[in-house]
Amino acid sequence: MPAASSYSLQTCSSSARSIASKTTQPLALTDHHQRFRSLSFSSQLHSLDLSIKIADSRRELDSNRLNAVVRAQSSLGTMEVDISLSPRVNSVKPSKTVAITDQATSLVQAGVPVIRLAAGEPDFDTPAVIAEAGINAIREGYTRYTPNAGTSELRSAICCKLKEENGLSYTPDQILVSNGAKQSILQAVLAVCSPGDEVLIPAPFWVSYPEMARLADATPVILPTQISDNFLLDPKLLESKLTEKSRLLILCSPSNPTGSVYPRKLLEEIAGIVARHPRLLVLSDEIYEHIIYSPATHTSFAALHGMWERTLTVNGFSKAFAMTGWRLGYLAGPKHFVSACNKIQSQFTSGASSISQKAAVAALEMGYAGGEAVATMVKAFRERRDFLVKGFRELDGVKISEPQGAFYLFLDFSSYYGAEIDGFGKIDGSESLCRYLLDKAQVALVPGDAFGDDTCIRISYAASLSTLQAAFERIKKALVTRRPPVPV
């Protein structure tokens with residue numbers, strides 16, 4: 001048996017090396033820049049050729065279902081296997097931010113010196129007091145299942161945090177702890193939306209919002225905003241788009257991808273409109289709450305007059321506490337809605353990590369808004385923001401809305417669209433511009449079309465100042481003289 005096990009492991013290892021060599025083969029080309037010519041941000045880039053022989057790849061529209069078969073060999077002979085996917089899954093687009101981040105990581109691992117500014121992840125280590133709490137949880141045997149909704153200790157601590165920092169009153173049974181804020185949002189959308197309902201989403205938006213609506217068989221309704229308005233939703237536009245099908249409005253402040261922060265007065269105008277529509281609920285994504293730059297201040301939507309009963313507040317620990325890998329978020333809201341989300345979670349993932357929950361309690365004990373540790377990180381983010389804003393303002397043709405929170409710049413580069421570049425081709429939008437910058441500058445960014453605004457690209461400044469300085473110089477060098485002539 002040991003010999004057989006060893007042989008099996010060697011075989012797997014050999015197969016993995018074989019696949020890896022095939023997938024990285026384009027990077028072996030002698031021309032350094034030619035290695036990037038075939039890069040694209042579509043999901044097909046990440047598909048491996050598994051050598052499946054397709055006998056019949058016909059597509060037939062049958063109750064909106066994609067039909068496909070492959071031939072499978074077995075001891076019983078050849079048979080056809082249906083490999084079709086659910087229409088619900090086929091309607092969902094893969095995350096471009098995840099795809100680009102993975103692509104950039106693969107290039108770095110292959111030896112290409114790419115600067116990665118695509119991921120929405122703090123570059124700081126988790127504060128030591130939090131990490132120690134997690135380590136102690138393991139050492140003390142706190143490694144078993146927790147209640148589905150989260151430990152009483154953590155939910156009570158979250159209630160205290162919401163009361164002290166946000167002016168919101170909840171009881172532990174109105175809190176649901178999940179494996180990240182992303183799960184909290186998806187479960188909320190699934191719990192309150194019915195097929196045909198409309199989910200209103202201001203653009204630019206976090207890439208997952210529309211796809212979550214589609215997973216719930218709801219229809220995303222996109223509400224465009226303008227860079228001249230700091231990408232903030234116009235209440236008049238919101239009111240004009242409301243129908244009897246409108247079920248959920250998603251707000252994110254501070255915003256991913258723009259860094260915009262909704263002032264209280266604007267939120268009160270929006271709340272006044274929401275109050276006139278009994279079916280309309282609000283999902284308030286407040287994951288970047290503590291990463292905010294004075295004089296901007298954060299307002300929880302549920303704290304506004306009459307909004308507690310119809311607001312689902314989502315927050316978590318990933319961004320402010322640099323705990324992305326700990327995977328922990330939470331939902332707060334009326335018990336009726338939270339219980340529904342709890343039911344979904346009970347059949348989906350069950351409770352979150354016991355170790356992460358112990359660490360989260362320690363995070364909430366660090367002081368108001370995360371105390372000195374979080375304040376230090378925010379100070380660094382602000383310094384980085386200021387450097388990039390100053391630099392890009394001096395770059396010809398770039399439009400800027402200075403972010404008031406989070407750690408992203410969402411810059412309008414549309415003046416560069418239409419440029420023809422020797423050896424590359426035409427820059428015709430945000431995706432081709434990002435491909436060009438990956439090729440020429442070796443900087444990985446996210447095209448704005450992923451966020452619903454093709455005029456812009458997103459730059460994450462969750463990287464060291466020296467890294468950002470190097471990235472800016474590369475981008476500047478790649479774009480100099482690249483603007484197309486202005487028609488007379």
Quiz question: by atom type and distance under 3.5 Å, do the side chains of S430 and D454 form a donor-acceptor pair? yes
Any luck finding a side-chain donor-acceptor pair between S284 and E286 under 3.5 Å? yes
Are side-chain N/O atoms of W326 and T126 paired as donor and acceptor at under 3.5 Å? yes
Between Q187 and Q183, is there a side-chain donor-acceptor contact under 3.5 Å, judged purely by atom types and distance? yes
Does E394 come within less than 4.0 Å of K476, counting only side-chain N to carboxylate O? no
With sequence neighbours left out, what residues match E268 under side chain to side chain donor-acceptor pair (under 3.5 Å)? R264
To the nearest 0.5 Å, what is the distance between CG on L445 and CG on L409? 10.5 Å
Interatomic distance, SG@C193 vs CG@L215, rounded to 0.5 Å, equals 11.5 Å
Do any pairs count as a side chain to side chain donor-acceptor pair (under 3.5 Å) and have a residue in residues 403-414, sequence neighbours left out, and if so which ones? Y288-Y408, D412-S414
Indicate whether any N or O donor in one side chain lies under 3.5 Å from an N or O acceptor in the other, for Y209 and D285. yes
Chi angles and distances behind the side-chain hydrogen bond (donor to acceptor under 3.5 Å, both in side chains) call for S260, N230: CA-CA 6 Å; S260 300; N230 294 319; 6.0 Å; no
Just checking, is any N or O donor in the side chain of N166 or E289 under 3.5 Å from an acceptor N or O on the other one? yes
Between S255 and S253, do the side chains contain an N or O donor and an N or O acceptor separated by less than 3.5 Å? no
How about E121 and T324: does a side-chain donor come under 3.5 Å of a side-chain acceptor? yes
Roughly how far, to the nearest 0.5 Å, is CD of E244 from CZ of R279? 9.0 Å
